[in-house]
Amino acid sequence: MTATDRIIELPEDWKAFLEERSPSQIVVLTDEHTARHCLPHFEDHFTIGEEYHHLSVDAGEGSKSLETVEAIYAILMELEVDRNALLINVGGGVITDLGGFIGATYKRGIGFVNVPTTHLGMVDASLGGKNGVNFEGVKNQIGTFHPAEAVVLDPHFLETLEENELLSGWVETVKHAVIADGTLWDDIKRKPGARLAKDLSIIRRSAAIKSRIAAADTSDQGIRQALNFGHTIGHAIEAEGSLLHGQAVAIGMIAELYLSEKLAKLNPQTSSEIIAYILQLGMPIGDWSFDADDLLERMRHDKKNTSGELRFALISHLGRAEVGIGISPDLVKESLDFAQRQLST
Ligand SMILES: NC(=O)c1ccc[n+]([C@@H]2O[C@H](COP(=O)([O-])OP(=O)(O)OC[C@H]3O[C@@H](n4cnc5c(N)ncnc54)[C@H](O)[C@@H]3O)[C@@H](O)[C@H]2O)c1
Ligand SMILES: [Zn+2]
């Protein structure tokens with residue numbers, strides 16, 4: 001078990017952190033969108049002084065590549081960035097995954113801080129110490145476990161985030177409540193829509209769940225798999241290419257709730273309540289269709305199903321997950337049909 005993430009908030013904690021850290025140089029990494037939308041707020045509120053270098057990459061998953069990593073290593077060398085420097089990743093999961101990998105490997109590791117600017121980043125991607133890039137078309141194929149020195153949560157950044165991105169990230173908070181915190185679920189379901197997605201106290205609670213579960217199981221073998229709820233099916237749907245991560249995971253959660261009823265004794269009423277909540281979010285997933293054999297093939301190739309057998313994290317009660325449950329392909333197909341029926345009604 002390792003420590004949970006060091007989550008800090010503006011302004012006092014951040015100031016104290018920076019003073020204590022006193023880096024030799026500061027390098028800020030953004031993508032083109034966070035450079036435009038988030039850097040001004042960052043400059044105004046993070047008081048890092050005049051002297052910092054700003055590097056920006058193209059927005060999107062394509063920047064999570066070894067080519068981008070190499071290009072940034074070269075710039076860091078040119079800037080004579082040493083091991084006492086601090087890299088600050090200001091962006092969504094793409095930037096914290098990319099910057100985390102660079103921070104973990106450049107000169108065998110310089111420190112880095114994550115400043116997540118998407119809801120998904122705040123409650124998931126910036127936490128838990130995993131980082132990495134895609135390689136030869138496979139997501140997150142190259143990477144390390146290396147925690148950020150600190151993660152700064154500031155929901156102000158969410159003001160400029162597109163609605164569909166906000167909702168997609170919110171699905172992870174719904175997942176956190178369902179797998180680990182019935183009280184969080186009760187608080188969420190009282191305010192329909194995603195009205196709480198910019199609420200700092202909710203973000204904090206959701207982040208704490210990810211952080212706690214990830215810290216309890218850094219090698220990804222046991223309880224961390226609970227975070228995979230909705231994702232075994234969700235990743236396969238996402239890989240087809242037409243939906244955002246959270247949209248695909250929302251469908252995955254509906255299918256996996258069906259499986260939870262069948263194999264983990266989840267109460268059907270609880271399952272219906274969660275499904276109704278997901279549907280009322282209004283994500284554009286109503287006309288989703290699928291080829292079951294394609295999806296099953298993708299699931300078998302998912303790195304989390306290495307043995308070729310399909311294993312799932314399922315819900316037994318609200319706030320409790322069970323991991324490593326083996327499921328037959330036929331039952332998975334049944335769950336996909338179920339999800340489609342739910343979406344189209
Ligand atoms: N390391 C982990 O544990 C972990 C966990 C989950 C996801 N991830 C990774 O996270 C990535 C997805 O992250 P994401 O959903 O944050 O995507 P993203 O970083 O691509 O951000 C989504 C879009 O929003 C823009 N954006 C970000 N913040 C903004 C803001 N405040 N205002 C306006 N625009 C803004 C970005 O430029 C981008 O176009 C994937 O690569 C995934 O693999 C990693
Ligand atoms: Zn996810």
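Ligands are counted one by one from 1 in listed order, and the atoms in each one are counted from 1 as well.
A heavy-atom distance below 4.5 Å is found between the side chains of Ile251 and Trp288. You'll find the side chain of Glu172 stays beyond 4.5 Å of the side chain of Ser206, heavy atoms only. Under the 4.5 Å side-chain criterion, counting only non-hydrogen atoms from C-beta, Leu279 is in contact with Leu343. Within the 4.5 Å cutoff, the side chain of Ile237 has no heavy atoms near those of the Arg298 side chain. Within the 4.5 Å cutoff, the side chain of Thr173 has heavy atoms near those of the His119 side chain. Here the side chains of Leu39 and His54 are in contact, with some heavy-atom distance below 4.5 Å.
On a distance-only criterion, His33 and ligand 1 share at least one N/O pair closer than 3.5 Å. Between Lys64 and ligand 1, a contact under 3.5 Å exists for at least one N or O pair. Considering backbone and side-chain N/O of Thr34, none are found under 3.5 Å from N/O of ligand 1. Checking only distances, Thr117 does come within under 3.5 Å of ligand 1, N or O to N or O. Backbone and side-chain nitrogen or oxygen atoms of Val94 are examined, and one is located within less than 3.5 angstrom of a nitrogen or oxygen of ligand 1. Of the polar atoms of Phe157, at least one N or O is found under 3.5 Å from an N or O of ligand 1, judged by distance alone.
The nearest heavy-atom contact from the protein to atom 36 (C) of ligand 1 is Asp31 OD2, 3.4 Å. In this structure, atom 26 (N) of ligand 1 lies nearest to the protein heavy atom Leu161 CD1, 3.8 Å. The nearest heavy-atom contact from the protein to atom 21 (O) of ligand 1 is Thr118 CG2, 3.8 Å. Taking atom 33 (C) of ligand 1 as the reference point, the nearest protein heavy-atom neighbour is Thr160 O, 3.2 Å. Annotation: atom 42 (C) of ligand 1 to nearest protein heavy atom, Lys139 NZ, 3.6 Å. Of the protein's non-hydrogen atoms, Ala125 CB, 3.6 Å is the one closest to atom 8 (N) of ligand 1. With hydrogens left out, the protein atom closest to atom 5 (C) of ligand 1 is Asp124 OD1, 3.3 Å, a heavy atom. Among all protein heavy atoms, the one lying closest to atom 14 (P) of ligand 1 is Gly93 N, 3.5 Å.
Within the structure, the closest approach of Lys210 to ligand 1 falls below 4.0 Å when heavy atoms are considered. Residue contacts with ligand 1: Cys38 is included, with a non-hydrogen atom under 4.0 Å away.
Of the residues His37, His33, His41, the one that meets the ring pair (Phe, Tyr, Trp, His ring centres under 6.0 Å) test with Phe157 is His41.
Distances below 4.0 Å separate heavy atoms of Asn140 from the following atoms of ligand 1: 43 (O). Per-residue contacts place Glu165 under 4.0 angstrom from the following atoms of ligand 1 (heavy atoms of the residue considered): 22 (C), 23 (C). Within ligand 1, counting atoms from 1 as listed, the ones closer than 4.0 Å to a heavy atom of Gly92 are 16 (O), 19 (O).
The pair Lys210-Asp5 fails the salt-bridge criterion, with no side-chain N (NZ, NE, NH1 or NH2) lying under 4.0 Å from an Asp/Glu carboxylate O. Using a 4.0 Å cut-off between charged side-chain N and carboxylate O, Lys15 and Glu12 make no salt bridge. Using a cutoff of 4.0 Å between basic side-chain nitrogens and carboxylate oxygens, Lys130 and Asp97 are not scored as salt-bridged. Salt bridge annotation for Arg21-Glu149: present, with a cationic side-chain nitrogen under 4.0 angstrom from a carboxylate oxygen.
Contacts between Leu158 and ligand 1 below 4.0 angstrom, taking non-hydrogen atoms only, are absent altogether. For Glu61, every heavy-atom contact with ligand 1 shorter than 4.0 Å involves the side chain, none the backbone. At a heavy-atom cutoff of 4.0 Å, ligand 1 is contacted by the side chain of Asp97 but not by its backbone.
With the Zn ion (ligand 2) as the vertex, atom OE2 of Glu172 and atom NE2 of His231 span an angle of 110° (nearest 10 degrees).
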For the pair Leu55 and Ile75, evaluate side chain to side chain contact (heavy atoms under 4.5 Å, CB included) and give the outcome as yes or no after the intermediate values.
-> CA-CA 9 Å; Leu55 310 182; Ile75 297 172; 3.7 Å; yes
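Remark: aromatic rings of His235 and His301 are distant, center separation not under 6.0 Å. The ring of Phe101 has its center no closer than 6.0 angstrom to the ring center of His146.
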